[in-house]
Amino acid sequence: MSVVVLISGRGSNLRALIEAGLPVRAAISNEPGAPGLAHAAAAGIPARAVAHRDFATREAFEAALARAVDEYAPRLVALAGFMRVLTAGFVARYAGRLMNIHPSLLPAFPGLDTHRRALAAGVKVHGCTVHFVTAELDRGPIIVQAAVAVRPDDTEETLAARVLREEHRIYPLAVRWFLEDRLELADGVVRVRGGDAQAYFACGA
Ligand code: GAR
C-alpha cells in the first residue's frame, strides 16, 4: 500500500502527501541538495538521492533510480516536482502506477513556466492537474484538476501561490483514491468511483 515520492527541489507537495497521512515510504531526489528531502527526514521517512549527474546516460540514471524505488516495493510512484524527463522504458516499468502533478490545467501549458505562459496568454482560469504519466511529457489520463481564477493584478508569484495551494489539496486526494482502488481507466479517461469524488468542488479562490 505504499508510495514512493520522487522530487527535485522544494518538496511542498511531498510535505502535503506526508501531512495528509498517506503511506509515503521514501522520498528520492535526483538533486542531492533538494531542500524537500528534509520534509521526509523530519517525518522519519527515508530520504535519499540518486543524482542524475553521477550517470553517463539517462538509461543508467533511470536504472539506478528504479533500483532505489523498487527497494520499497511501492504500489504507487508519485512525481512531485520531479524535473527530469523520464524515458518510455521507465514509464512502462511503472505503467498505471506512476502519477504526476503539473501546475496548469492540462492539456494547456505542458512544460515549464506555466504561470508566466498563462498570464501571457491572458487566460482567465488557470490551475493544476494530477494525471497518470505516459511517455508523452505532461500528458496522460487526468485524475483530478483544480481551477483558480486569474486576477487582473496577478503576477507569476501570486498566481503560482494560489495554484500551489490547490496542488496541496488535490494531490493527496488523487493518491488516496488510487490507494483505495477507486480510479478506473478506460479509453484514456479516468473515472473516480464513490461519492465524495463527485461532490468535490475543485475550484479555488
Ligand atoms: C509544483 O508546482 C509542481 O506542480 C511542479 O513543480 C512544483 C514543485 O513544487 N511540477 C512540474 O512543473 C512538473 N512538470 P514542490 O517541490 O514544492 O512540490
Side-chain angles (χ1 to χ4, degrees), residues 3-20 22 24 26-43 45 47-52 58 62 65 76-88 90-91 94 98-121 123 125-148 150 154-176 202 204-205:
V3 182
V4 167
V5 182
L6 304 186
I7 68 166
S8 295
R10 179 178 56 183
S12 70
N13 278 291
L14 163 66
R15 190 183 56 203
L17 295 174
I18 294 170
E19 286 178 353
L22 290 159
V24 177
I28 305 175
S29 173
N30 65 300
E31 294 283 358
L37 286 174
H39 298 305
I45 293 165
R48 336 185 0 181
V50 177
H52 64 274
R58 202 175 278 279
E62 288 185 355
L65 182 62
L76 177 70
V77 179
L79 308 181
F82 183 74
M83 302 309 272
R84 299 298 294 174
V85 171
L86 294 166
T87 66
F90 189 92
V91 171
Y94 299 102
L98 185 58
M99 238 182 230
N100 181 44
I101 185 149
H102 182 76
S104 77
L105 291 173
L106 292 173
F109 310 118
L112 299 173
D113 299 321
T114 54
H115 308 304
R116 186 166 56 69
R117 287 157 59 211
L119 288 174
V123 298
V125 178
H126 185 45
C128 48
T129 303
V130 180
H131 65 97
F132 284 117
V133 176
T134 57
E136 215 182 331
L137 181 74
D138 297 329
R139 284 293 177 139
I142 291 170
I143 300 163
V144 58
Q145 294 183 303
V148 304
V150 179
D154 259 329
T155 63
E156 203 176 327
E157 289 71 32
T158 59
L159 185 56
R162 287 207 311 292
V163 171
L164 191 64
R165 213 159 58 209
E166 295 306 310
E167 294 187 36
H168 297 162
R169 288 171 53 187
I170 66 171
Y171 212 178
L173 212 52
V175 169
R176 180 159 293 123

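Since we're looking at a predicted model, the values are computed, not measured. Numbering of ligands and ligand atoms starts at 1, following listing order. Heavy atoms only: backbone and side chains are in, while hydrogens, waters and symmetry mates are out.
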Examine distances only and state if a side-chain atom of [X] and a backbone atom of [Y] form a donor-acceptor pair shorter than 3.5 Å.
X: R165; Y: A160; result: no
X: R162; Y: V150; result: no
X: T114; Y: P103; result: yes
X: R58; Y: R84; result: no

(request) Could you tell me whether N100 and ligand 1 have an N or O pair separated by under 3.5 Å? (result) no

(message) If I apply the N/O under 3.5 Å rule, does G11 come out as touching ligand 1?
(response) yes

(request) Measure L14 to ligand 1 on non-hydrogen atoms and call it side chain, backbone, both or neither using the 4.0 Å cut-off. (result) neither

For [atom], what is the nearest protein heavy atom, given as residue, atom name and distance?
atom: atom 14 (N) of ligand 1; result: H102 ND1, 3.2 Å
atom: atom 7 (C) of ligand 1; result: R10 NH2, 4.1 Å
atom: atom 5 (C) of ligand 1; result: P103 CD, 3.7 Å
atom: atom 15 (P) of ligand 1; result: S12 N, 3.4 Å
atom: atom 2 (O) of ligand 1; result: E167 OE2, 2.9 Å
atom: atom 6 (O) of ligand 1; result: G81 CA, 3.7 Å

(message) Show me the pairs that pass salt bridge (charged side-chain N to carboxylate O under 4.0 Å, His left out) and involve residues 135-146, at least two apart or across chains.
(response) none

(message) Using heavy-atom distances only, which candidate in L79, L164, I7, I101 approaches atom 10 (N) of ligand 1 most closely?
(response) I101

(request) Decide whether the shortest distance between a heavy atom of R15 and an atom of ligand 1 is less than 4.0 Å. (result) no

(request) Applying side-chain hydrogen bond (donor to acceptor under 3.5 Å, both in side chains), name anything that partners T129, two or more places apart in sequence or on another chain. (result)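 For T129, the residues satisfying side-chain hydrogen bond (donor to acceptor under 3.5 Å, both in side chains) (neighbours in sequence not counted) are Q145.
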
(message) Using side-chain heavy atoms (C-beta onward) and a distance below 4.5 Å, is L65 in contact with N30?
(response)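 When only atoms from C-beta onward are counted, N30 and L65 do not touch, as no gap falls below 4.5 Å.
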
(message) Using a 4.0 Å cut-off to any heavy atom of D138, which atoms of ligand 1 qualify?
(response) 14 (N)

(message) Between H126 and H115, is the ring centroid distance below 6.0 Å?
(response) yes

